[in-house]
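Order of the sequence lines sets the chain letters (A, B, ...), proteins ahead of strands, with each chain counted from 1.
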Number of protein chains: 2
Amino acid sequence: MLIGQLGSVQTHRPNARLIDEGQLLERPRLIRSGWACRARYLTNGRRQILNFYLPGEIMGLSADVDGAAQASYVSLTRLSTLDLGMLRSMVIERPHDVPAVTAAFHVMRLHEEYHLLSQVVRIGQQKAFERVAHLLLEFHARLSKSGLTEGNSFQLPLTQEVLGDGLGLSAVHVNRTFKLLKRKGYVKTGRSSVTLLEPEALSQVAGYREPMDYRPVDRAAFPHISISEPTRRPVPAMRPPAAFGRDTGSSPNGRPIGDSVS
Amino acid sequence: MLIGQLGSVQTHRPNARLIDEGQLLERPRLIRSGWACRARYLTNGRRQILNFYLPGEIMGLSADVDGAAQASYVSLTRLSTLDLGMLRSMVIERPHDVPAVTAAFHVMRLHEEYHLLSQVVRIGQQKAFERVAHLLLEFHARLSKSGLTEGNSFQLPLTQEVLGDGLGLSAVHVNRTFKLLKRKGYVKTGRSSVTLLEPEALSQVAGYREPMDYRPVDRAAFPHISISEPTRRPVPAMRPPAAFGRDTGSSPNGRPIGDSVS
DNA sequence: CGAAAATTTGATCAGCATCAATTTTAGTGG
DNA sequence: CCACTAAAATTGATGCTGATCAAATTTTCG
């Protein structure tokens with residue numbers, strides 16, 4: 001059973017609060033064009049961007065759907081979104097009737113959490129240079145899933161202040177970091193575009209790893225939706241997850257494992 | 001229909017990798033005693049703790065259940081866990097037969113995401129003093145839900161190095177920050193206990209807010225489980241979420257809203 | 001009791017914030 | 001299309017925060 005009609009299209013101006021923290025988060029929305037984010041606003045007037053939503057991605061699939069939003073949803077550019085409330089209802093009520101959509105929703109939830117974890121590691125463990133590089137690599141990978149990259153280039157319609165809000169850096173330092181990235185030959189910037197000149201080397205220095213499940217979402221799940229740029233291009237298969245250092249079997253104190261089962 | 005028998009109990013030594021990143025994350029586990037975390041390990045030997053799991057909480061309810069773990073699950077102390085795989089199966093297959101458990105799982109997922117968002121804000125926007133204070137306040141609130149606080153005191157069985165891994169700080173600086181917290185009269189520390197001397201003032205300076213839905217989980221959902229300390233005590237009702245500044249209606253450029261529906 | 005882990009303290013230094021000013025870019029109305 | 005204005009990017013100078021290294025002390029635990 002496929003989708004007859006989807007929800008309504010909405011457009012928003014840049015920097016509009018779509019949903020404020022605490023408000024009812026009713027339904028997910030597919031981003032048809034533009035960028036958005038989820039953010040927490042502090043009493044000192046600052047904000048921390050928790051999560052970016054790129055064209056082709058869905059916002060409002062996190063655990064707080066159908067409840068009070070855990071953070072504010074904010075547009076970062078002009079934004080066009082498509083209401084997916086009906087699709088979500090179908091997934092909840094008759095998941096087996098819409099297996100592709102059900103799977104796609106799950107994959108997107110997984111990705112959102114993955115990006116959130118990456119965000120914590122970036123901010124918690126990396127220096128400015130690595131943070132910016134890491135985020136650019138992530139943006140490129142995510143946009144390429146929707147066919148919105150042109151080789152190693154992509155449109156980045158965010159101000160350096162917005163990037164700072166997401167990276168835990170001041171806008172000034174984001175600027176200096178970009179300068180350094182350019183001077184070292186890692187990236188090139190146009191008016192609002194970025195080109196990764198040395199993606200592999202950059203991934204190396206930024207400690208960037210492709211997520212395990214990072215194949216493009218099955219677009220067949222959204223038969224009536226076409227993403228802004230139809231530049232869809234085959235995406236190379238990603239390498240499998242790198243297993244980590246084996247330590248589960250031996251104690252840091254050198255003793256055998258004491259796990260017991262009752 | 002209630003639960004006849006639950007899964008097996010397992011115990012783990014401190015610092016054991018329960019599940020490595022990329023491994024199959026099969027089933028959630030209730031923590032009967034001890035502390036654990038979810039962490040990403042970097043190639044430079046460091047790690048970032050993404051999420052702490054306290055006694056009475058459930059690990060393995062995130063989006064990656066039944067798939068490849070998005071991070072490693074690691075014990076931080078001696079740990080006793082109870083397998084909830086069977087409960088989860090019931091929730092998935094016949095949620096209406098176990099409404100209390102279904103609701104409890106959902107609440108715990110919500111809380112886990114909430115804590116993750118707090119983690120991003122702490123690390124991204126706060127200074128060391130605020131970070132440590134904020135985390136201590138969160139620990140106290142979370143432990144009190146399981147009745148594991150004694151007034152404003154609680155057991156904190158983590159080393160300062162572990163706290164540093166979670167706060168994006170060096171162990172040395174965690175130490176200095178604790179010293180400052182004590183000198184300023186905000187907290188008192190015992191061998192492995194913490195007492196919050198001025199919780200309200202501390203919440204103020206740390207920008208700490210109770211999450212919206214922070215009432216204790218309905219323990220009736222887990223009839224056969226008793227948490228370590230049966231010191232359960234009524235928890236005061238929390239204040240409703242503070243609504244944020246209204247901005248959705250007016251443009252930063254002073255123009256009327258251009259939202260359109262098609 | 002003895003050894004290893006954890007905490008504590010001191011000293012030095014790098015990274016980034018902050019403030020301030022200038023230049024460039026983008027958006028608007030004429 | 002150009003002039004004008006606000007936003008964004010850029011650059012410089014200065015200072016604070018927290019990392020790092022090293023060593024001493026205390027606590028924990030077998």
Side-chain angles (χ1 to χ4, degrees), chain A residues 13-15 35 42 44-48 76-78 122-133 155-183 187-194 205 251-256 258, chain B residues 13-15 35 42 44-48 76-78 122-133 155-183 187-194 205 251-256 258:
Chain A
R13 285 170 306 89
N15 210 26
W35 292 48
L42 283 67
N44 58 15
R46 295 182 169 177
R47 70 173 174 186
Q48 174 64 48
L76 297 171
T77 68
R78 190 127 38 83
R122 259 196 308 262
I123 297 177
Q125 296 294 333
Q126 304 200 285
K127 311 244 182 225
F129 188 88
E130 305 165 298
R131 289 188 211 182
V132 175
Q155 292 301 118
L156 181 63
L158 305 182
T159 68
Q160 297 179 351
E161 184 167 5
V162 168
L163 288 171
D165 290 346
L167 290 165
L169 297 171
S170 68
V172 171
H173 206 67
V174 170
N175 184 284
R176 291 193 218 277
T177 306
F178 261 101
K179 185 165 74 168
L180 191 57
L181 279 163
K182 287 183 273 190
R183 176 142 43 83
V187 309
K188 198 175 55 175
T189 60
R191 35 207 138 271
S192 68
S193 73
V194 173
V205 303
S251 154
N253 302 326
R255 270 183 278 105
Chain B
R13 285 169 307 87
N15 211 25
W35 292 47
L42 284 66
N44 57 15
R46 294 184 170 176
R47 69 172 174 186
Q48 174 64 47
L76 297 171
T77 69
R78 190 125 39 81
R122 259 196 307 262
I123 297 178
Q125 296 293 335
Q126 303 199 286
K127 311 242 182 228
F129 188 86
E130 304 165 298
R131 290 189 210 182
V132 175
Q155 292 302 118
L156 181 64
L158 305 182
T159 68
Q160 298 179 349
E161 183 167 7
V162 168
L163 289 171
D165 290 346
L167 290 166
L169 297 171
S170 68
V172 171
H173 205 69
V174 170
N175 184 283
R176 292 194 218 275
T177 305
F178 261 101
K179 186 165 72 168
L180 190 58
L181 279 163
K182 287 184 274 190
R183 175 144 42 85
V187 309
K188 198 175 54 173
T189 60
R191 32 204 141 276
S192 66
S193 73
V194 173
V205 302
S251 155
N253 301 328
R255 268 185 280 103

Mind calculating the distance between [atom1] ([X]) and [atom2] ([N]) to the nearest angstrom?
X: A:Q125; N: C:dC16; atom1: CD; atom2: P; answer: 13 Å
X: A:E130; N: C:dG15; atom1: CD; atom2: P; answer: 11 Å
X: A:F178; N: C:dC16; atom1: CZ; atom2: C1'; answer: 17 Å
X: B:L158; N: D:dT28; atom1: CG; atom2: C1'; answer: 16 Å
X: A:K179; N: C:dC16; atom1: NZ; atom2: C1'; answer: 14 Å
X: B:F129; N: D:dT17; atom1: CZ; atom2: P; answer: 12 Å
X: B:R78; N: D:dT28; atom1: CZ; atom2: C1'; answer: 13 Å
X: A:I123; N: D:dG18; atom1: CD1; atom2: C1'; answer: 17 Å

message = Would the distance check show the side chain of B:T77 and the main-chain N or O of B:W35 forming a donor-acceptor pair, the cut-off being under 3.5 Å?
response =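 Pair found, side chain donor or acceptor close to backbone of B:W35.
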message = Could you work out, with salt bridge (Lys or Arg N to Asp or Glu O under 4.0 Å) as the rule, every residue matching B:R122, not counting sequence neighbours?
response =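 Applying salt bridge (Lys or Arg N to Asp or Glu O under 4.0 Å) to B:R122 gives B:E138.
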message = Quick check: do A:V132 and A:L163 have side-chain heavy atoms less than 4.5 Å from each other?
response =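 Heavy-atom side-chain distance check fails, nothing below 4.5 Å.
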ask   = With sequence neighbours left out, what residues match A:K127 under side chain to side chain contact (heavy atoms under 4.5 Å, CB included)?
value =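 In terms of side chain to side chain contact (heavy atoms under 4.5 Å, CB included), with neighbours along the sequence ignored, A:K127 is linked to A:E130.
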query = Looking only at side-chain N and O atoms, does B:N175 come under 4.0 Å of OP1 or OP2 in C:dT8?
reply =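 Affirmative; the distance criterion is met.
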message = If you assign each of A:R191 and A:V174 to its closest nucleotide in DNA chain C, which residue comes earlier from the 5' end?
response =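 Closer to the 5' end of DNA chain C: A:V174.
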key: Nucleic acid contacts of residues 159-167 of chain A, taken as heavy-atom distances under 4.0 Å to DNA chain D   =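 A:T159, A:Q160 - these, ordered by number, are the residues of the stretch whose heavy atoms sit under 4.0 Å from the strand.
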Residues in side-chain hydrogen bond (donor to acceptor under 3.5 Å, both in side chains) contact with A:S193, at least two apart in sequence or another chain =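 Partners of A:S193 under the side-chain hydrogen bond (donor to acceptor under 3.5 Å, both in side chains) test: none.
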key: Sequence-distant partners of B:Q125, side-chain hydrogen bond (donor to acceptor under 3.5 Å, both in side chains), two or more places apart   =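 Here the qualifying residues are A:Q48.
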task = Determine to 10° how strongly the helix from C:dC1-D:dG30 to C:dG30-D:dC1 is bent, judged from the axes of its five-pair ends.
result =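 Answer rounded to 10°: the end axes differ by 60°.
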task = Would you mind listing every side chain to side chain donor-acceptor pair (under 3.5 Å) that reaches into residues 156-167 of chain A, with sequence neighbours excluded?
result =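 Listed once each, the pairs are A:R47-A:D165, A:Q160-A:N175.
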Output one line per pair: protein atom, nucleotide atom from nucleotides 18-21 of chain C, and distance, for all N/O pairs under 3.5 Å.
unit_1, atom_1, unit_2, atom_2, d
C:dT18, OP1, A:R46, NH2, 2.5
C:dT18, OP2, A:R46, NH2, 2.9
C:dT18, O4, A:R176, NH2, 3.3

Taking all non-hydrogen atoms of both residues into account, name the closest pair between [X] and [Y] and its distance.
X: A:P14; Y: A:R78; result: CG-N, 3.6 Å
X: A:F129; Y: A:V205; result: CE2-CG2, 4.1 Å
X: A:A128; Y: A:L169; result: CB-CD1, 3.8 Å

Could you pull out all donor-acceptor pairs under 3.5 Å where a side-chain atom in residues 176-183 of chain A meets a protein atom, sequence neighbours excluded?
unit_1, atom_1, unit_2, atom_2, d
A:T177, OG1, A:H173, O, 2.6
A:K182, NZ, A:T189, OG1, 3.4

